[in-house]
Amino acid sequence: MDYLQIKKILPKGVNLLAVSKGFHSSDIEYFQSLGQLDFGESKVQEAIRKPVFRGNNNLKWHFIGRIQSNKIRKIVENFDYIHSVDSYKNLLKISEVAIELQKMPNVFIQIKLALDPAKAGLNYSELIENWYQIKQIKGIHIIGLMTINPKGLSAKKNFELFNKCRLIADKLNLPHCSMGMSNDWQEAVKAGATWIRIGSLIFGKRYS
Ligand SMILES: *Cc1c(COP(=O)(O)O)cnc(C)c1O
């Protein structure tokens with residue numbers, strides 16, 4: 001399935017984030033010419049090196065990578081959305097920098113729904129137990145939850161985990177769920193994703 005076919009079948013309210021990590025400015029501009037405005041990057045340095053990142057004011061940039069605290073300032077300076085906030089501590093740091101820079105980033109809290117040592121995120125009880133404090137944090141818009149499923153699950157299991165994410169978001173009154181990648185986006189859409197993050201399926205094989 002290619003970009004335009006995916007766009008055509010996505011239900012209303014489901015946004016496609018084109019994950020451009022490992023791809024060049026010219027690739028990004030090609031998808032912009034098809035109407036794509038939201039792009040996701042997972043490394044700050046790689047993103048800001050791309051000419052299109054600095055020069056193209058029509059695009060919206062989403063940070064989707066692991067957050068290192070010494071990169072938070074650069075992330076808040078350069079990105080409109082942050083999908084991968086994986087701790088209360090980082091939420092506070094992002095808030096502090098955002099207030100200082102007078103930015104209001106849209107933030108997703110990354111949650112971990114399956115035991116997976118490779119993935120970051122708050123687990124369910126950390127999120128629920130800290131929710132009252134999290135809600136008080138100023139300077140950021142917490143718009144939803146983000147999750148990454150472990151690799152190699154069945155479609156049924158992928159759907160179940162995505163469905164859990166949707167139920168938790170609903171319980172907390174959060175409109176957005178950022179979930180689903182090239183190989184599991186259809187289950188994510190069925191479960192109520194509002195942002196799917198697609199890289200290789202539309203761009204092809206990464207250069208790096
Ligand atoms: C790379 C990445 C994606 C996109 O992965 P594909 O398999 O290329 O679609 C989505 N989300 C995150 C967090 C990523 O790091």
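Side chains are part of it too, since the values below use all heavy atoms of this structure and drop only hydrogens, waters and symmetry mates.
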Residue among Arg49, Lys50, Lys21 satisfying salt bridge (charged side-chain N to carboxylate O under 4.0 Å, His left out) with Glu41 =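 Per the salt bridge (charged side-chain N to carboxylate O under 4.0 Å, His left out) rule, the option paired with Glu41 is Lys50, out of Arg49, Lys50, Lys21.
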Partners of Lys119 by salt bridge (Lys or Arg N to Asp or Glu O under 4.0 Å), sequence neighbours excluded?
-> Asp116
So side-chain hydrogen bond (donor to acceptor under 3.5 Å, both in side chains) across residues 166-181, not counting sequence neighbours, yields His83-Ser178, Tyr124-Lys171, Arg166-Asp170, His176-Thr194, Ser178-Arg197
Can you pull the side-chain hydrogen bond (donor to acceptor under 3.5 Å, both in side chains) pairs that have at least one residue in residues 8-19, sequence neighbours excluded?
-> none
For [X], enumerate each residue passing the side chain to side chain contact (heavy atoms under 4.5 Å, CB included) test, keeping only those at least two apart in sequence or located in another chain.
X      : value
Pro175 : none
Pro51  : Ser25
Ile99  : Ser95, Lys138
Ala155 : Glu187

For Phe79, check ring pair (Phe, Tyr, Trp, His ring centres under 6.0 Å) against everything at least two apart and list the hits.
->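 Once residues adjacent in sequence are excluded, the partners of Phe79 under the ring pair (Phe, Tyr, Trp, His ring centres under 6.0 Å) criterion are Phe53, Phe63.
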Pairs involving residues 24-51, ordered by first then second residue, that meet ring-ring contact (aromatic ring centres under 6.0 Å, His included) (sequence neighbours left out) |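 Matches after skipping sequence neighbours: Tyr3-Phe31, His24-Tyr207, Phe31-Phe203, Phe39-Trp61.
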Just grab all the ring-ring contact (aromatic ring centres under 6.0 Å, His included) pairs involving residues 131-162, residues at least two apart or on different chains.
->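 Sorted result for residues 131-162: empty, none.
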May I have the list of side-chain donor-acceptor pairs in residues 102-109 shorter than 3.5 Å, sequence neighbours left out?
| unit_1 | atom_1 | unit_2 | atom_2 | d |
| --- | --- | --- | --- | --- |
| Lys103 | NZ | Glu77 | O | 3.0 |

Scan residues 150-160 for pairs that pass salt bridge (charged side-chain N to carboxylate O under 4.0 Å, His left out), counting only residues two or more places apart or in two chains.
-> Lys156-Glu160, Lys157-Glu160
Answer whether the closest heavy-atom distance between the side chains of Leu10 and Trp185 falls below 4.5 Å.
->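 Contact flag for Leu10/Trp185 side chains = yes.
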